[in-house]
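Down below is the structure, laid out as structure tokens.
The structure presented is a predicted model; accordingly, all values stated were derived computationally and were not measured.
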Amino acid sequence: MRMFTKGLLITVLACLLAIMTACGQNESSSTSTSEGDSEKKEKLIVGTDAAFAPFEYMDKGEIVGFDMDFLDAVMKEAGYEWEPKNIGWDPLFEAVRQGKEVDMAISGITINEDREKTFDFSNPYFESTHMVMFKEGTDIQTAKDIEGLTVGVQNGTTGQAAAEKIMGDKSSSIKKFENNVVAIMALKNNDVEAVVTDNTVVNEYVKNNPDDNFQTIEDPENFESEFYGLMFPKDSELKAEFDEAIKKVIESGEYAKIYEEWFGKEPNTDTLLEQAK
């Protein structure tokens, strides 16, 4: 009788031990998952206008370009998953302002005082200026020579502002287009006599389309340097994180590697770091 009781007791204790061990494992697993979830960052939706080669454009159904590769490196540094969303230039600003459809934007967006009234910008990641592109034989020596011509620009851009600075903001000779692709097509079709837009866009187009026989000019006296930044809704908590991530990507040499892959030359990273606030 005592032997039966002792055997039963051993069996019960063994069962209790197994149950306690299983509970401990489940509790540990649950705690680990919970802690992991708390550290996992949200997936960010990034708005863009994929008609601004080589910064962002469509290739076989995908958004590609320098901005995409650069931002991917920054997202990895900051620890975020992300997804680009092509929503066009004009809608992009309202989407970021509302902060519902997208969390932020990248699209060769110039940082300026007027935009900073409505949006937050990261530290600069790209230095740019404007150029004039025109057909061979057009008499344009400086930016001032676009006065009296019909000039195409992308609506709502600093290219438009640069042309208006020379021709007047009410000039009927400035033709505003949805994007640079349409503006350049207007130049090909003789609907405009020149296009004013970012130097990298102009150089990329001329390089890839030599048969168009377009000519270009730079004019540092009339076209000042400007800087692109990531754009956020006002008072975004993301800005500080991305300022730090951008700095690390630049300082690590990753930025220069991406830049050289797209533009075939080394960037002036010292200028970018000097612009950081």
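- Residues Met104 and Ser236 have side chains not in contact (no heavy-atom distance under 4.5 Å, counting atoms from C-beta outward).
- Annotation: side chain of Phe223 is not in contact with side chain of Asn199 (no heavy-atom distance under 4.5 Å).
- Side-chain contact between Ile184 and Phe214: present, with at least one pair of heavy atoms (C-beta onward) separated by less than 4.5 Å.
- Looking at Glu204 and Phe52, their side chains never come closer than 4.5 Å, going by heavy atoms from C-beta outward.
- The cluster map of Ile, Leu, Val, Met, Phe, Trp and Tyr, joined by side-chain heavy atoms under 4.5 Å apart, puts Ile111 and Ile250 in different clusters.
- Between the NZ atom in Lys144 and the NZ atom in Lys165 there is a gap of 8.0 Å [rounded to 0.5 Å].
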Identify each donor-acceptor pair in which a side-chain atom of residues 240-248 lies under 3.5 Å from a protein atom, sequence neighbours left out, and give them as a table.
| from | atom 1 | to | atom 2 | distance (Å) |
| --- | --- | --- | --- | --- |
| Glu241 | OE1 | Tyr80 | OH | 2.7 |
| Glu241 | OE2 | Lys41 | NZ | 2.8 |
| Glu241 | OE2 | Tyr80 | OH | 3.3 |
| Asp243 | OD1 | Asn123 | N | 2.7 |
| Asp243 | OD2 | Lys239 | NZ | 2.8 |

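- In this view, Glu101 and Lys85 satisfy the salt bridge (Lys or Arg N to Asp or Glu O under 4.0 Å) rule, not counting sequence neighbours.
- Not less than 6.0 angstrom separates the ring centroid of Phe121 from the ring centroid of Phe227.
- If you chain together hydrophobic residues whose side chains sit under 4.5 Å apart, Phe126 and Met75 fall into the same group.
- Ring geometry, Trp89 versus Phe93: the interplanar angle exceeds 60°, so the pair is classed perpendicular (tilted spans 30 to 60°).
- By the rule that hydrophobic residues join a cluster once side-chain heavy atoms approach within less than 4.5 Å of another member, Val202 and Val153 end up as members of separate clusters.
- Remark: the Asn180 side chain and the Tyr205 side chain contain no N/O donor-acceptor pair separated by less than 3.5 Å.
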task: Apply side-chain hydrogen bond (donor to acceptor under 3.5 Å, both in side chains) to the pair Glu226 and Thr158, showing each step before the final yes or no.
output: CA-CA 9 Å; Glu226 56 187 36; Thr158 54; 2.9 Å; yes
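- For Glu237, the CD atom is loosely surrounded, since the number of other residues' heavy atoms within 6.0 Å does not exceed 12.
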Under 3.5 Å donor-acceptor pairs involving side-chain atoms of residues 58-67, not counting sequence neighbours:
| from | atom 1 | to | atom 2 | distance (Å) |
| --- | --- | --- | --- | --- |
| Asp67 | OD1 | Tyr125 | OH | 3.0 |
| Asp67 | OD2 | Gly108 | N | 3.1 |
| Asp67 | OD2 | Tyr125 | OH | 3.2 |

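- Under the 4.5 Å side-chain criterion, counting only non-hydrogen atoms from C-beta, Asp49 is in contact with Asn86.
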